[in-house]
Amino acid sequence: MDGIETERAGGKRTEAGRVATLAALEALYGPVAPPSRIKEVDHLHPVYRPFIEAAPFVALATVGPGGLDVTPRGDPAGFVEIEDRKTLLLPDRRGNNRIDALRNILADPRVALLFLLPGIGETLRVNGTAEIRVDPGLLARFTLAGHPPKSVLRIRVESVFFQCSRAVIRAGLWSEESRIARETLPSPGTILRTLSQEAFDGAAYDEALPERLKTTLY
């Protein structure tokens with residue numbers, strides 16, 4: 001197929017089976033189904049607002065000089081506020097101060113959001129651009145447990161559409177049978193101890209972690 005490279009292409013060695021052109025990619029997957037075009041809009045349409053208002057979790061994707069990042073954001077449902085038909089407000093809560101996403105936004109304002117709602121198969125995707133705001137009045141609006149966020153992202157919306165439930169269904173994401181027992185995976189302390197070649201006291205970290213999370217959530 002044109003655009004899919006073979007072991008010898010154009011007189012030089014290439015990676016076999018690699019899709020190399022947009023035409024080849026589109027031929028491989030076929031035409032876009034009409035509903036997939038209908039569902040995309042350039043604003044926060046009333047039919048999409050309930051998804052944002054009910055979502056307690058969103059994944060935030062950003063791009064910067066060092067590459068790409070996807071970071072989790074979560075709070076009580078509706079924590080991402082709809083300011084108007086083209087604008088979202090996303091508070092940045094206390095974390096580890098790596099501020100990977102915020103560093104990226106300073107260099108490149110493009111962002112993508114993926115909203116997840118427990119028990120719901122469909123997800124909501126939003127693309128746009130963001131700026132970091134620290135207006136005192138704005139921060140005060142997002143105070144929780146007596147603590148305002150350090151900053152708020154004001155996101156200018158460029159496209160919104162829902163993603164069908166196939167991925168969530170295939171993953172069994174919300175099924176009780178898919179739940180993974182925490183003790184079957186390395187603990188945070190174990191990871192830190194291992195990566196530090198046992199210089200880090202992982203056992204002490206794990207012991208203190210539940211209380212630290214409780215007292216430093218906001």
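The first residue of the sequence shown is numbered 1, and numbering continues consecutively from there.
Residues K86 and L44 form no side-chain contact, since every pair of their non-hydrogen atoms from C-beta on lies 4.5 Å or further apart. The side-chain heavy atoms of P148 and F142, taken from C-beta on, include no pair separated by under 4.5 Å. The side-chain heavy atoms of N104 and V63, taken from C-beta on, include no pair separated by under 4.5 Å. The closest side-chain heavy-atom distance from E81 to L90 is not below 4.5 Å. Side-chain contact check for L185 versus I180: some heavy-atom pair is nearer than 4.5 Å. Contact annotation: the side chain of P76 never approaches that of P56 to less than 4.5 Å [non-hydrogen atoms, C-beta and beyond]. Side-chain atoms of E83 and R154, non-hydrogen and from C-beta on, do get closer than 4.5 Å to each other. Here the side chains of D42 and V157 are not in contact, with every heavy-atom distance at 4.5 Å or above.
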Legend entry - Residues S187, D206; criterion side chain to side chain donor-acceptor pair (under 3.5 Å); working and verdict: CA-CA 7 Å; S187 69; D206 282 341; 2.4 Å; yes
Inset, instruction - Start with the C-alpha gap between N127 and S159, add the side-chain angles, then the distance that decides, and say whether side chain to side chain donor-acceptor pair (under 3.5 Å) holds. - result: CA-CA 5 Å; N127 297 323; S159 71; 3.2 Å; yes
Inset, instruction - Report the C-alpha separation of Y48 and V41 in whole Å, then their side-chain angles, then the decisive distance to 0.1 Å, and conclude whether the side-chain contact (heavy atoms from CB on, under 4.5 Å) test is met. - result: CA-CA 10 Å; Y48 284 143; V41 295; 3.9 Å; yes
Inset, instruction - List the steps and the verdict of ring pair (Phe, Tyr, Trp, His ring centres under 6.0 Å) for F200 and Y205. - result: CA-CA 9 Å; F200 191 89; Y205 185 88; 5.6 Å; yes
Inset, instruction - Please step through side-chain contact (heavy atoms from CB on, under 4.5 Å) for the pair R94 and T216, ending with a clear verdict. - result: CA-CA 8 Å; R94 183 170 181 168; T216 64; 3.7 Å; yes
Inset, instruction - Give the C-alpha distance, both sets of side-chain angles, the deciding distance and a yes or no for side chain to side chain donor-acceptor pair (under 3.5 Å) between T71 and R73. - result: CA-CA 7 Å; T71 58; R73 296 287 189 268; 3.1 Å; yes
Inset, instruction - Could you go through the side-chain contact (heavy atoms from CB on, under 4.5 Å) check for H147 and T143 one step at a time? - result: CA-CA 5 Å; H147 296 281; T143 297; 5.6 Å; no
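Considering every non-hydrogen atom in both I132 and L102, the closest pair reads CD1-O, 3.7 Å. Shown here for V134 and L139, the closest heavy-atom pair between the two residues is O-CD1, 3.7 Å. Between V70 and A59, the shortest heavy-atom distance links the atoms CG1-CB, 3.9 Å. Closest approach of F115 to L88, counting heavy atoms only: CZ-CD1, 4.3 Å. Closest of all the heavy-atom pairs between L89 and V152 is CB-CG1, 4.1 Å. Of all heavy-atom pairs spanning P149 and D92, the tightest one is CB-O, 3.4 Å.
Ring geometry for H45 against H43 counts as tilted: the plane angle lies between 30° and 60°, on a 0 to 90° scale.
A distance-only check finds no donor-acceptor pair linking the side chain of R103 to the backbone of A107 [under 3.5 Å]. The closest donor-acceptor contact from the side chain of T184 to the backbone of A181 lies under 3.5 Å. Between the S178 side chain and the G172 main chain, a donor and an acceptor come within less than 3.5 Å of each other. Side-chain atoms of T215 come within 3.5 Å of backbone atoms of E211 as a donor-acceptor pair (strictly under, hydrogens ignored). Without hydrogens or angle criteria, W174 side chain to G121 main chain gives no donor-acceptor distance under 3.5 Å.
Under the 4.5 Å side-chain heavy-atom criterion for ILVMFWY residues, a single connected hydrophobic cluster contains both V80 and V47. Connection of L144 to F79 is not established within any shared hydrophobic cluster, with ILVMFWY side chains joined at heavy-atom distances below 4.5 Å, either directly or through further cluster members. Connection of F162 to V168 is not established within any shared hydrophobic cluster, with ILVMFWY side chains joined at heavy-atom distances below 4.5 Å, either directly or through further cluster members. Placement of L106 and I155 within a single hydrophobic cluster is found when ILVMFWY residues are connected by side-chain heavy-atom separations under 4.5 Å, directly or transitively. Taking hydrophobic clusters as Ile, Leu, Val, Met, Phe, Trp and Tyr residues chained together by side-chain heavy-atom distances below 4.5 Å, I120 shares a cluster with I52.
A distance of 11.5 Å separates CG in L173 from OG in S165, rounded to the nearest 0.5 Å. Between the CG atom in L138 and the OG atom in S151 there is a gap of 9.5 Å [rounded to 0.5 Å]. Interatomic distance, I38 CD1 to E40 CD, rounded to the nearest 0.5 Å: 12.0 Å. If you take CD1 on I105 and CD1 on I99, they are separated by 11.0 Å, rounding to the nearest 0.5 Å. Between atom CG of residue D108 and atom CZ of residue R110 there is a gap of 4.0 Å, rounded to the nearest 0.5 Å.
Between D135 and R133, at least one side-chain nitrogen of the basic residue sits less than 4.0 Å from a carboxylate oxygen of the acidic one, meeting the salt-bridge criterion. Using a cutoff of 4.0 Å between basic side-chain nitrogens and carboxylate oxygens, R93 and D75 are scored as salt-bridged.
For the side-chain contact (heavy atoms from CB on, under 4.5 Å) with L113, the lone residue among V58, L124, L153 that qualifies is V58. A side chain to side chain donor-acceptor pair (under 3.5 Å) with Q163 holds for exactly one of K39, R125, E122; it is R125.
Heavy-atom contacts from other residues, nucleotides or ligands closer than 6.0 Å to CD of E207 number 12 or fewer. Environment of CZ in F51: sparse, with no more than 12 heavy atoms of neighbouring residues, nucleotides or ligands closer than 6.0 Å. Shown here is L213, whose CG atom has more than 12 heavy atoms of other residues, nucleotides or ligands within 6.0 Å. Counting heavy atoms of neighbouring residues, nucleotides and ligands inside a 6.0 Å radius, atom CZ of R166 does not exceed 12 of them.
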